[in-house]
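Worth knowing before you read on, the calculation uses all heavy atoms, side chains too, and leaves out hydrogens, waters and symmetry mates. Atoms within each ligand, like the ligands themselves, are counted from 1 in listed order.
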Amino acid sequence: RPTVANRASTRTEAMEGAIGSEDRLVEAARRIFGHRSFRPMQRRVIEAAMRGEDVFVLLPTGGGKSLCFQLPAVLSRGVTVVVSPLLALIQDQVTALCQMQGEDAAFAGVPTTYLGTGAPEGHSAAVYADLRRLPRPLTKLLYVTPEMLLHNETVRELLSGLVRRSPPQLARIVVDEAHCVSQWGHDFRKDYTRLGTLRTLWRAVPVTALTATATAACLADVRKLLKMKSSHVFRTSFNRPNLSYSVVAKASGHDRSIAQLLAYIRHWPRGTSGLVYCLSRQETEEVCAALLEEGVSVAFYHAGMTPKQRQTVQRQWPVGGGVSLVCATIAMGMGIDKGDVRYVAHFTMPKSLEGYYQESTRPRPSPPPPPSPHPHHTPNLKKKRAREDALSVKQYCEEARCRRAALLSHFGE
Ligand SMILES: Nc1ncnc2c1ncn2[C@@H]1O[C@H](COP(=O)(O)OP(=O)(O)OP(=O)(O)O)[C@@H](O)[C@H]1O
């Protein structure tokens with residue numbers, strides 16, 4: 001009778017090699033991930049990755065970046081290491097992959113795990129044991145935080161061990177949220193800059209970098225710091241033809257600006273789902289209270305709330321739960337897809353154009369990310385960046401030209 005390990009091993013091997021057909025990639029996407037076709041650019045990225053090239057992927061939020069590295073990971077020999085900034089997001093992705101149900105039950109669940117401080121006891125030991133497993137680990141995707149990869153000797157040594165095996169068992173390094181590498185990115189992280197050292201350590205291991213936001217300067221910087229060999233960037237347009245943008249001068253004084261916001265909300269049919277971004281936690285509560293008084297079905301959402309309170313809001317909004325509007329800080333950001341949101345208003349000017357773009361295309365509630373243990377910038381640099389970011393937003397607001405064109409030119413289009 002096959003043991004659990006045997007069955008798992010057979011499945012791992014089957015995923016890598018046994019999928020053979022006229023179009024192996026589409027078939028794998030369908031059988032393992034349940035996708036019947038590729039989104040724009042996915043196939044080209046996946047093919048380049050399968051040829052062993054370094055790839056840089058710049059696709060807007062929701063563009064399907066994950067499949068660009070998950071499918072090559074599943075089909076390649078060995079383990080793909082995915083560097084991702086936040087443990088909370090890592091755990092979500094690992095859970096989703098482990099529960100993945102494509103159209104072929106034989107491939108249900110992609111062998112995925114993670115390493116990060118804060119994992120339950122015994123977890124790391126089990127992952128280490130698999131990385132030592134002969135002739136090869138069962139894991140296909142290993143998510144790690146940058147700290148883990150850079151500062152944990154055991155992890156580095158185990159991965160170097162995979163590189164040294166014959167044939168090598170470290171398939172690829174994936175750097176997700178790659179804008180964090182560059183000081184020009186809007187979420188710079190010091191450990192990310194040092195990921196280039198891995199390139200020196202494991203010369204033959206290809207790299208994939210992915211992001212949803214990068215200006216030309218950021219992009220060039222990331223490629224240089226990660227020592228990427230290919231200069232080709234796979235990208236699609238950032239244009240969202242189904243969105244329209246407008247900027248309105250805010251009335252002075254609390255009451256007048258609330259009245260202005262209310263008029264905007266009321267120009268939509270009753271019950272239309274919307275999101276109002278505010279600058280601070282306090283502002284979300286104040287705006288919410290003022291709108292409640294006017295009879296709007298509204299809730300607030302920010303990182304100072306308990307997980308339970310946040311979940312309640314997520315259940316009530318945007319459809320079916322009785323709340324049509326949420327006043328939120330940017331804590332309502334990355335995570336679960338929420339369709340049906342018809343408008344996003346920024347009650348206060350957003351901090352950067354990257355932020356504005358993300359917030360207007362991605363009304364998705366999720367638990368707020370934990371505070372980063374590392375300073376993102378030195379204080380002076382941070383101030384300088386904040387000023388530059390605010391100036392670009394100001395310029396965007398004041399420019400007498402098409403908002404869409406102004407926004408796209410900021411992203412180098
Ligand atoms: N080829 C495809 N066919 C159908 N759905 C797809 C395809 N590729 C991805 N998706 C779906 O699109 C959604 C967004 O994909 P994904 O999370 O990879 O986007 P992303 O580019 O990583 O976005 P973000 O910047 O928010 O992380 C997911 O629900 C995913 O299952």
Side-chain angles (χ1 to χ4, degrees), residues 23-47 49-50 55-75 80 82-104 107-110 112 141 143 174-180 185-187 208-214 218-219 222 233-240 242-243 275 330-341 344 354-369 411:
D23 193 336
R24 179 172 178 247
L25 296 183
V26 173
E27 197 190 343
R30 181 178 62 76
R31 289 171 71 179
I32 302 171
F33 295 91
H35 300 320
R36 297 226 146 182
S37 58
F38 286 116
R39 293 252 176 93
M41 210 48 84
Q42 282 179 330
R43 176 191 283 277
R44 287 180 54 199
V45 174
I46 292 166
E47 283 173 350
M50 295 300 292
V55 284
F56 199 117
V57 184
L58 181 57
L59 294 184
T61 303
K65 286 183 288 299
S66 313
L67 193 72
C68 294
F69 64 85
Q70 289 169 353
L71 189 60
V74 165
L75 298 178
T80 292
V82 185
V83 186
S84 180
L86 300 168
L87 197 62
L89 292 181
I90 286 180
Q91 285 168 331
D92 285 353
Q93 298 218 26
V94 171
T95 309
L97 279 165
C98 289
Q99 295 171 354
M100 184 64 69
Q101 297 274 355
E103 291 188 6
D104 189 338
F107 293 133
V110 176
T112 308
L141 284 126
Y143 280 74
V174 174
V175 182
D176 203 7
E177 311 288 353
H179 55 269
C180 297
H186 63 102
D187 193 15
T208 292
L210 309 103
T211 176
T213 61
C218 171
L219 216 119
V222 173
V233 176
F234 294 89
R235 62 187 298 167
T236 58
S237 173
F238 272 57
N239 185 22
R240 291 293 179 102
N242 61 334
L243 298 186
L275 178 60
I330 53 171
M332 181 160 272
M334 298 177 274
I336 319 141
D337 273 287
K338 289 268 174 177
D340 302 306
V341 178
V344 176
E354 281 87 349
Y356 178 63
Y357 181 85
Q358 291 265 346
E359 288 140 32
S360 48
T361 51
R362 182 190 225 174
R364 302 162 159 196
S366 77
F411 291 110

*Of all the heavy-atom pairs spanning L210 and V174, show the shortest one and how long it is.*
CD1-CG1, 3.4 Å
*Determine whether the side chain, the backbone, both or neither of S37 has a heavy atom under 4.0 Å from any heavy atom of ligand 1.*
backbone
*Going by the order shown, which atoms of ligand 1 are within less than 4.0 Å of some heavy atom of F38?*
1 (N)
_Using modelled atom types and a 3.5 Å cut-off, is there a donor and acceptor pairing between side-chain atoms of K65 and backbone atoms of V57?_
no
*asked:* For Q70, give me all partners under side-chain hydrogen bond (donor to acceptor under 3.5 Å, both in side chains), at least two apart in sequence or on another chain.
replied: Y143
*Number the atoms of ligand 1 from 1 as they appear, then name those within less than 4.0 Å of a heavy atom of P60, with their elements.*
21 (O)
*Is there a donor-acceptor pair closer than 3.5 Å between any side-chain N or O of Q42 and the backbone N or O of G64?*
yes
*asked:* Under a 4.0 angstrom heavy-atom cut-off, which atoms of ligand 1 come close to S66?
replied: 16 (P), 17 (O), 18 (O), 22 (O)
*asked:* Is it the case that the side chain of Y357 and the backbone of F238 share a donor-acceptor pair, with hydrogens and angles ignored and the cut-off at 3.5 Å?
replied: yes
*Can you tell which of R36, H35, K65 gets a heavy atom nearest to atom 21 (O) of ligand 1?*
K65
*Of all the heavy-atom pairs spanning A178 and A209, show the shortest one and how long it is.*
CB-CB, 3.8 Å
*Check: Q42 N/O within less than 3.5 Å of ligand 1 N/O*: yes
*Can an N or O of G63 be found at a distance shorter than 3.5 Å from an N or O of ligand 1?*
yes
_Test of proximity, G64 against ligand 1: N or O pairs below 3.5 Å_ = yes
